[in-house]
Every structure is written in structure tokens, then in C-alpha cells.
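A short worksheet on the structure shown next.
Basis for what follows: all heavy atoms, side chains included, without hydrogens, waters or symmetry-related copies. Quick note on labels: first sequence line is chain A, next is B, and so on, each numbered from 1.
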Number of protein chains: 2
Amino acid sequence: MKDDRPRISDVARLAGVSTATVSRALSNPALVSEDTRAAVQSAVTATGYRLNQAARNLRHRRTGGIVALVPNLANPFFSQILSGIASVLGPAGYNLLIADTRTAGAEGLLAYAEPSRADGLIVLDGSLPAAALTGAVPLVEACEWVPGLVAPRVKIDNRAAAGLAVDHLADLGHRRIGHVAGPRGNVLSEARLSGTAERLAARGLPFPAGAVLQGDFSLDSGRLAALAWLELAGDSRPTAMFLASDAMACGFIAEVQRHGISVPRDVSVVGFDDIELVAHVSPPLTTIRQPRAALGRVAAERLLRRLRGEADQEGDTILPVELVIRASTAPARE
Amino acid sequence: MKDDRPRISDVARLAGVSTATVSRALSNPALVSEDTRAAVQSAVTATGYRLNQAARNLRHRRTGGIVALVPNLANPFFSQILSGIASVLGPAGYNLLIADTRTAGAEGLLAYAEPSRADGLIVLDGSLPAAALTGAVPLVEACEWVPGLVAPRVKIDNRAAAGLAVDHLADLGHRRIGHVAGPRGNVLSEARLSGTAERLAARGLPFPAGAVLQGDFSLDSGRLAALAWLELAGDSRPTAMFLASDAMACGFIAEVQRHGISVPRDVSVVGFDDIELVAHVSPPLTTIRQPRAALGRVAAERLLRRLRGEADQEGDTILPVELVIRASTAPARE
DNA sequence: ATCCTGCATGAAACCGATTACATCGCTTTG
DNA sequence: CAAAGCGATGTAATCGGTTTCATGCAGGAT
């Protein structure tokens, strides 16, 4: 059944020309005469010819594909980034392959980082081994990054973003501000945590060890953080919390509400990411907006530039974030 | 820089054997002797050889890739389905390509439905033209389906699922039950709408035209539906609403709350999908749980079975849904 | 001793396009 | 009028593996 797929030689025979001419007529029409082009065209439709990508790839030594490595496809945070990537890659003639680094094994990853599999790589997972990614194929990193890997990065200033959140809460008069961090070792967690500590220090506010709760970006870890927060004695319990992800913030709010705590009356909450849904929960969440689609677009554009061999400074691209003030934060009570 | 990539002949020379033997040693070790295998192995590591997929694909006449066509990557609903697909495909030696049918043009789609680009297709978008997908490459449909396309389908019973929602609300004593439908023409919207109408009729409950509001599955359309609902006169306003997606339910609840309406005291709300977040909003949403990861897994498994040429009955696989009762629904007030 | 069998291996065809190079006919230029 | 230039096209090498077929050799059966 596959054997009957017409080859370029079938088209050539029908059109009465050589395969070379067919190839030219299809991929570089300017090279052949008007008549030939028409003859080839009608032969193509007559045979139902479709070219074999594998053969072309072999000859061209390129695949036309870009692989995105995401830590967890099930996490909606990445959807919009991928969407941004796809919106740039598609029109440029590349197609996007997506691999979940969780489901793909370590050797599997290496297989992706190969020129014969993909022309380029967009890495969205900072926990990958730098060695597996080095050298083989052009890559850029987006959002997260692998320490020690030299590659263009497209990201936000997580430190400064955390500062925005802290400033907002401090400006509202809060003096005991807590933080729920992301997974230990994650580059984003670290940056947001240290940004928080820095800004609190800069404003002369305390940041005792107990004010940092450990999370992992997930909804449920936010819920658990809420339980830990509830345990704290009244006069050491923060009146405002900055959480390193919106998912955790949602989990946190839902859990404290279940215990009769009111947000923002009893505690103000700031999230991180501005995923679409948090504008529509109650109370609508104050959060740091990450330009997710733009992160994807810019990462894809930088990769394309490298692939085309254009000059592209090695440095990081920092995209701006924005504090979105909604109803989950309020002035501190006396 | 690409030129220095070692070829199989380099390995062969170093190992003192022919390329045929190297190929066999790598892809079918049982065929060569112990000694040869070892010699090839060390030659491979010495040269840093990695085989060229394009060349192998050309010869094998397969690509090792499966394409998933999703209507909108930015919609988190699909993330977990894709995750389920990837979890099956990865171990089976296939890699998953994901294409957003929104960003890929119509011709782009046709390019994906080709044997030289992908060995199989998983279609998650019911709005594609059946013609573009017919015949070229094995495919299965998941969640949504293209009317008129013959292919194995993996889905839920949307009609019956809507019935579950209606039953729940009716059992709580609600007599005026409204529905917010998904986008017009969408197969899921239609099934859920008619399932709602059927079950209401079966229970002798009214379902006037005004009780159906038009949405498009998005958060914002849920918000707009809330505004329409608020406009309704008190005695024609439904006391319970069943919305065809969780996103719309969230938008609906947030908007009515903004207008001082309490959920579930003033209106009960049931959603559809059970996306992770809705368990953690307030009030936690009563909804129909779709087994998203399982949908993806089963679809991938059926596709693999077809690719292996194993017998696979053409029919639909119907996966069970579940009514998850949370706090957004309550008995009707007198 | 002869023949057969089977294993390990090499030579070469093959997958299906692209493209460097050669060719041919015709026009332009000195 | 010969040389050079140019456009359109064909020939054949090439991309880098896989696989068929042939071969050589060792061991077992007759």
C-alpha cells in the first residue's frame, strides 16, 4: 500500500522531463521554463505526488523541526509559551516537536539533541544535565535555564519581579511578609526567594527563617503551605504572603478560606505568573504577570536567527513583568 | 562543523569491519559475533558516532514520529491529554510532534498528514476538514471527532455526562435549570446540549429557549453568560446552571459573585472537565470529570496497535466520566 | 571423504530526493 | 564570423544508513 506512492521519477516520466527538472520546478520554479513548469504541475496532480520529506532531509542535512523540552506537559503554564513558539516557528517553515522531559528518559533526551532529529532546541527545563545538551545542536533557553550551559536565554528578571511583589505588600503597610518558595534547587525558586529576601532587607523588614515555607509550584503544595501558615502563632504569622506561583496561591487561598480565614481581610496574597484563571477566582488574585506568549515568541525568534547564521549576541533577553493588582491584597490592619 | 560528524563508514574503518556489520551490530546485535560487537562498540565511542535519523528513516520508510493536532495549545485542557499520549508513545520508541491547528495553515495540515512526515496522527480537533485527513496516514481521534471521518475514536459519552449533571441538579430540587453551551457547531457542544435537553425532558422539567446561553468554552464567555443570566427576570432565571466547560463555570461564578450573588446559595453551578484548578477555587466546583490522561493514553495505544498492524476494531472507545460533587451546588431553596 | 547446513560477514543495491557539472542551442559581442 | 555568455535541461554523484544476496568457513551428517 505504501509502494504505490508515486516517486519523483514517476512524475518525471509522465511530464517527459528528468527528475532534476521536476525537483527544480517544485522547489525553485524560477529555474525552469513556463511550459515545463506547467507540464510538471499537471503531472504532479495527475499522479498525486507528494514529496518524501525523509529523502529531502537526508540530502539537505536538516530536518525542518525544532524540539521544545518541557519539564511537564501537564502543567498549563507551558501551554501558552509553546503556543508562542509555535506561532513563530510555523510561518518560518519549521515544525515544533514537543518532548516531555519527565516521560522521556535521559538517553531519550540525548536523542533529541541531535542534528539528525532536530535543527534546534528550545529548553524550558532548568533541571537537565548541561552535558547532554552541549554542542550538538543550536539551542536557546526560555524561562528556566540550565546553570553552566552557555546559550542565549530568554527570561524575566525573577529577582526584580519578586521585589515588585514585596514592594506592593510593604506599601500596603504589611510588616510581616512571608514567602512560599518553589521546589528547592530550581533556578526560578532561588531567584524569587533571594529577590524577596533582598527587597525585604532593603526596606528594613524582617524575614525570619520561619517566614519561608517550602512548596513546589503545585496547587497542592500551596494548600500544604496554608496549613503550615495556620499553625503559626498569631504574632509571628505573616499578614501577607507572596507565593512563587499562581497555582500555589490558589491552593493557599482555598485552604485558608476553608478554615474561615478571609482573603484579603485576614491575609493578603500575591501570586506569580498571572495564569488566565486567576483573574476569575474569588478573590481575583494579585500577581506578577509573565509575558508567556512573548517569552515563547522571542525564544523562537532568537533560535531562528541562530539557525540562519545571523549574528545574535549571546546575552540574555529580559522581558518585562508587570504587577497586576486585583482583590487578594489589601492594606494591613492595625 | 557538521562535516566532522562521523559516519557509519568511519566507525567501520576503525573497527576493521564493513558498514553492514556496524549497522547490524547497532540495530540487531544478535546477528554479529561477540568479538565484533565489542570492536564496533569501542569504535563507536572512540569516534563519538551518532546515527543519522534521516538516513534511517529514508531506508525504513518510517519517521518514528506521531503528530497530534490540537485546536489550541494555549488551552490547558489539552496539556494533560498530550501528557497521556507522550507517556505511551515515548516508551514505544515514537516521538510526539504537536501542531496547533490554529497556527498551522490548511496546507500545513496536509503536510502533517503524510507518511513521510509522521507515521500516525492523533486528531484532537473536530473542526478539521475530513478530506485533508483521509487515507494518507493511520489516525485516531480523541475527545473531539471530525464528522464523516472514519477512524477509531476515543472519547467520553458527552450526552450521558450531561445527563449526570442534570440529574444531580434535579435531584437537589432545582426545577429551572439552564445551560451554557460551547461554541456552535462543535461536536462536543452539540452532544452536551442535546444530552441536557434530553434528560430534562425525561424528568419532565422545562427547557425553554431562553435557558440556553451561548458560550465558546472560554473563561470570558462564561463571564458574559453570567451577565446574560443576571438580566433574566427573577421567575424565569434558572436556579441552577450547567456549563459545558470548567473555564466557563469559573468565569460565570466570578462574575455573579462580583454582582453580589452567592454560589451556591443563590445559584448552583456545575462545570465540565474537572481541570485541576477548580477543586481549589471558592466555592470548589462541582463538575464532570473527564479522564484526560487516560484519553490520551488510550488513543496512543490504539494508534500503536494500528501501526503494528494488529487487529483493532474500528469502533469507539468510550471512557467513563464521573460526577464530582463539591461545594458549588446545593439544594434548591423554596 | 563428501555434502549439507548455518553462522558471520562483505559487496553492492537501495531508499527518494537534491544539485554540481556537463551539454546544447541560441543570442550577443568584438 | 568566432568566441563568449546564457538559459534550460539532462546525467550522475550524493546524502548516510539498511538489507539482500553472495561468499567463506566450520562443524555435523552420510
Side-chain angles (χ1 to χ4, degrees), chain A residues 1-41 43-44 47-64 93 111 114-119 136, chain B residues 1-41 43-44 47-64 93 111 114-119 136:
Chain A
M1 54 179 297
K2 263 182 188 170
D3 319 305
D4 57 1
R5 275 179 73 80
R7 298 196 306 270
I8 198 171
S9 59
D10 299 322
V11 177
R13 196 175 320 117
L14 188 62
V17 297
S18 71
T19 62
T21 301
V22 175
S23 176
R24 283 188 281 252
L26 294 178
S27 55
N28 204 344
L31 289 179
V32 303
S33 74
E34 182 64 46
D35 300 354
T36 314
R37 203 179 313 149
V40 169
Q41 266 310 332
V44 165
T47 53
Y49 170 73
R50 321 238 61 218
L51 79 73
N52 184 313
Q53 286 290 339
R56 168 182 286 196
N57 290 349
L58 174 57
R59 181 66 224 230
H60 277 173
R61 291 142 148 246
R62 56 155 258 167
T63 69
E114 270 188 71
S116 64
R117 250 249 185 338
D119 298 336
Chain B
M1 56 178 293
K2 266 183 186 168
D3 320 305
D4 58 1
R5 276 180 73 80
R7 297 198 305 274
I8 197 171
S9 59
D10 299 322
V11 177
R13 196 175 321 117
L14 188 62
V17 297
S18 71
T19 62
T21 300
V22 175
S23 176
R24 283 189 279 254
L26 294 179
S27 54
N28 203 346
L31 290 179
V32 303
S33 72
E34 182 65 47
D35 300 354
T36 314
R37 205 179 312 150
V40 169
Q41 266 310 333
V44 164
T47 53
Y49 171 72
R50 319 240 61 218
L51 80 73
N52 183 313
Q53 285 290 338
R56 167 180 284 192
N57 291 347
L58 175 57
R59 181 67 222 222
H60 276 341
R61 291 142 148 240
R62 57 155 257 165
T63 68
E114 271 187 72
S116 63
R117 249 237 179 355
D119 299 336

Handout entry: Test item: B/Y49 and B/D10 side chains (from C-beta on) under 4.5 Å apart, heavy atoms
Key = no
Looking only at the side chain of [X] (C-beta and beyond, no hydrogens), which of the listed nucleotides [options] gets closest?
X     : options                : result
A/I8  : D/dG17, C/dA17, C/dG16 : C/dA17
A/V32 : D/dT18, D/dT9, D/dG17  : D/dT9
A/S33 : C/dA17, D/dT9, D/dT19  : D/dT9
A/R7  : D/dA8, C/dC14, C/dG16  : C/dG16
B/T36 : D/dG17, C/dT9, D/dT14  : C/dT9

Would you kindly give the [atom1]-to-[atom2] distance between [X] and [N], to the nearest whole Å?
X     : N      : atom1 : atom2 : value
A/N52 : C/dG16 : CG    : P     : 6 Å
B/L31 : C/dG6  : CG    : C1'   : 13 Å
A/Q53 : C/dT18 : CD    : C1'   : 13 Å
A/L26 : C/dT19 : CG    : P     : 13 Å
B/R24 : C/dG10 : CZ    : P     : 8 Å
A/N28 : D/dA8  : CG    : P     : 12 Å

Under the 3.5 angstrom rule, does the side chain of [X] hit a backbone N or O of [Y] as a donor-acceptor pair?
X      : Y     : value
A/D119 : A/R62 : no
A/R56  : A/L51 : no
A/T21  : A/V17 : no

Exercise for the section: Tell me which residues in residues 12-20 of chain B put a heavy atom below 4.0 Å from DNA chain C, sorted by number, or none. Expected result: B/G16, B/V17, B/S18, B/A20
Handout entry: Reported CD1-to-CZ distance for the pair A/I8 and A/R50, which is rounded to 0.5 angstrom
Key = 13.5 Å
Counting only side-chain nitrogens and oxygens, does [X] get under 4.0 Å of the OP1 or OP2 atom of [N]?
X     : N      : result
B/R56 : D/dT18 : yes
A/H60 : D/dT14 : no
A/R61 : D/dC15 : no
A/Y49 : C/dA17 : yes

Handout entry: Degree of bending, the helix from C/dA1-D/dT30 to C/dG30-D/dC1 (end axes from five pairs; round to 10°)
Key = 50°
Exercise for the section: Tell me what A/L51 touches on the nucleic acid: a base, only sugar-phosphate, or nothing, going by heavy atoms under 4.0 Å. Expected result: sugar-phosphate
